[in-house]
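First the structure, in the form of structure tokens, and then the observations on it.
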2 protein chains.
Amino acid sequence: MPEDRTTATQNDEDGFLSATALDQSLGYKLRLAQILAYRSFEEQMTDYGVAPRYLGLLGIVAENPGQAQNRLADSIGLQKSSLVTILDRLEKDGILERRASAQDRRAKTVWLTNKGEQVVAELFLHARDHEARMAAGIDDHLLADVVAALDVMIANLRGLSD
Amino acid sequence: MPEDRTTATQNDEDGFLSATALDQSLGYKLRLAQILAYRSFEEQMTDYGVAPRYLGLLGIVAENPGQAQNRLADSIGLQKSSLVTILDRLEKDGILERRASAQDRRAKTVWLTNKGEQVVAELFLHARDHEARMAAGIDDHLLADVVAALDVMIANLRGLSD
DNA sequence: TGCGATTAGTTCGACTTCGAATAATATTCG
DNA sequence: CGAATATTATTCGAAGTCGAACTAATCGCA
């Protein structure tokens with residue numbers, strides 16, 4: 001499809017619109033990269049229900065068994081109310097389970113099931129492959145710098161909202 | 001609140017849970033950074049309705065007046081059906097307007113209003129400030145590398161879904 | 001020890017985004 | 001030229017996330 005010449009445009013090289021004002025916009029690029037990354041990964045992971053979308057959460061539960069819901073929600077950047085239905089579905093799919101806390105009768109603790117551990121292990125293998133394709137052409141040293149920079153931004157943003 | 005010692009945990013330095021498996025996970029960090037960045041920015045921009053959330057879209061419309069809805073949706077990574085209510089609300093707030101296309105009776109073209117141009121200019125000033133705080137401690141050269149790396153990832157991800 | 005403040009999880013209505021289906025229109029091809 | 005196919009925007013029900021309000025429980029302090 002030839003470029004639309006009826007209105008002034010600035011295409012990037014693949015037919016998507018862009019804007020000079022956004023060229024250095026971190027927030028915008030984070031959002032776009034995140035939307036595309038999650039959609040792409042979830043499209044490929046068709047046998048795992050909602051687990052691919054919440055692999056970050058599941059990874060944290062795997063290495064921190066028995067944590068409370070509010071801590072998990074905080075850690076992945078979602079509201080505690082959002083976690084209710086997320087955990088409902090992961091529990092229904094047999095990926096994790098909630099247990100009552102021995103220390104605090106208000107609290108629930110969250111644990112992976114045996115099936116959950118297997119699913120998480122498989123999804124991490126797929127995720128590694130997907131990330132290799134996402135990051136193709138970026139050398140390892142730069143990639144490590146990007147990850148470190150993301151950590152700094154996350155820490156800064158967390159500090160902004162205190 | 002002291003560390004919870006009843007279950008094995010791996011805290012990071014600010015009381016948020018983490019996981020070794022996620023330390024190098026680009027997808028997860030993109031998502032977390034994006035959630036926190038947008039929430040933080042939107043919390044500060046209390047006088048602008050939904051415009052702050054869609055500043056990326058508005059920036060593209062500003063520099064590409066008169067584009068079709070599906071191209072805008074593709075460019076910001078959302079489904080065309082999502083754009084319908086987004087444009088409805090931005091139009092209702094007087095930020096932009098849709099016009100019928102002269103070339104294609106199915107299509108609508110999207111234009112900023114005068115008010116929209118002003119709002120976008122103001123929001124970009126605020127966004128620049130917000131991004132400075134988000135990226136505090138990251139030197140300019142590394143930041144440029146991060147932006148470039150995000151562009152490569154976005155291009156790779158777009159290529160994966162074709 | 002009792003009480004006020006705070007916390008943990010849930011509910012509910014609202015907001016944001018998705019994907020299938022639809023109507024209208026444009027394009028392609030025999 | 002007409003039928004078949006593809007495209008654009010919209011609708012609608014569903015999924016994902018939010019934030020206020022609520023109940024139950026805990027904590028800290030006088």
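Naming: A, B, ... by sequence-line order, numbering from 1 per chain.
- As a whole-Å value, the separation of A/Leu57 CG from D/dT17 P is 10 Å.
- Not one side-chain nitrogen or oxygen of A/Gln103 sits closer than 4.0 Å to the OP1 or OP2 atom of D/dT26.
- Below the 3.5 angstrom threshold, one finds a donor paired with an acceptor across the side chain of B/Arg106 and the base of C/dT25.
- Contact annotation: A/Ser82 side-chain N/O to D/dC18 OP1/OP2 distance is under 4.0 Å.
- Judged purely by atom type and a 3.5 angstrom limit, B/Gln67 has no side-chain atom pairing as donor or acceptor with the backbone of B/Thr109.
- For the pair A/Gln67 CD and C/dG9 C1', the computed distance is 16 Å after rounding to whole Å.
- At least one cation-pi condition fails for B/Arg71 and A/Phe16: the charged atom is not both under 6.0 angstrom from the six-membered ring centre and inside a 45 degree cone around its axis.
- Sorted by residue number, the list of members of residues 44-52 of chain B with any non-hydrogen atom under 4.0 Å from DNA chain D is empty.
- In this entry the distance linking CG of A/Leu87 with C1' of C/dA8 reads 13 Å, nearest Å.
- Rounded to an integer number of Å, the gap from B/Lys80 NZ to C/dA20 P is 11 Å.
- One finds a side-chain N or O of A/Arg31 lying less than 4.0 angstrom from the OP1 or OP2 phosphate oxygen of C/dT17.
- Here the side chain of B/Val84 is nearest to one of D/dT10, C/dA8, D/dC18, namely D/dT10.
- The minimum heavy-atom distance linking B/Gly56 with A/Leu22 is given by the pair O-CD1, 3.3 Å.
- Here B/Ser101 lies out of heavy-atom contact (under 4.0 Å) with every strand.
- If you take CD1 of A/Ile86 and P of C/dG9, they are 14 Å apart, rounded to a whole angstrom.
- One can place CD of A/Gln79 at 19 Å from P of C/dC12, the figure rounded to the nearest angstrom.
- Residues B/Val84 and B/Ile86 do not share a hydrophobic cluster, defined by chaining ILVMFWY side chains whose heavy atoms lie under 4.5 Å apart.
- Checking D/dA25, C/dT10, D/dT11 against every side-chain atom of A/Asp104, the shortest atom distance belongs to D/dA25.
- The phosphate of D/dC18 has neither OP1 nor OP2 within less than 4.0 Å of any side-chain N or O from B/Tyr38.
- The side chain of A/Arg105 places no N or O atom within less than 4.0 Å of a non-bridging phosphate oxygen (OP1 or OP2) of D/dA24.
- An OP1 or OP2 oxygen of D/dT10 is reached within less than 4.0 angstrom by a side-chain nitrogen or oxygen of B/Arg98.
- Regarding contacts with the backbone of D/dT17, a side-chain N or O of A/Arg53 is found under 4.0 angstrom from either OP1 or OP2.
- Atom P of nucleotide D/dA15 and atom CG of A/Asp93 are separated by 12 Å, given to the nearest angstrom.
- Note on residues 129-160 of chain A: pairs passing ring-ring contact (aromatic ring centres under 6.0 Å, His included), not counting sequence neighbours, are A/Phe41-A/His130.
- Geometrically, A/Arg99 engages A/Trp111 in a cation-pi contact, judged by NZ or CZ lying under 6.0 Å from the ring centre and within 45° of the ring axis.
- Between A/Leu83 atom CG and C/dT10 atom P the separation is 9 Å, expressed in whole Å.
- At a threshold of 4.5 Å between side-chain heavy atoms, the hydrophobic network of Ile, Leu, Val, Met, Phe, Trp and Tyr places B/Val147 and A/Leu150 in one connected group.
- The shortest distance between the side-chain N/O atoms of A/Asn70 and the OP1/OP2 oxygens of C/dG9 is below 4.0 Å.
- Around atom CZ of B/Arg133, more than 12 heavy atoms belonging to other residues, nucleotides or ligands sit under 6.0 Å away.
- With the nearest nucleotide of DNA chain C identified for both A/Ile35 and A/Gln69, A/Gln69 has the one nearer the 5' end.
- Counting non-hydrogen atoms under 4.0 angstrom, B/Lys108 reaches the backbone sugars and phosphates but no base.
- Look at A/Arg39 and you'll find a side-chain N or O under 4.0 angstrom from OP1 or OP2 of C/dC18.
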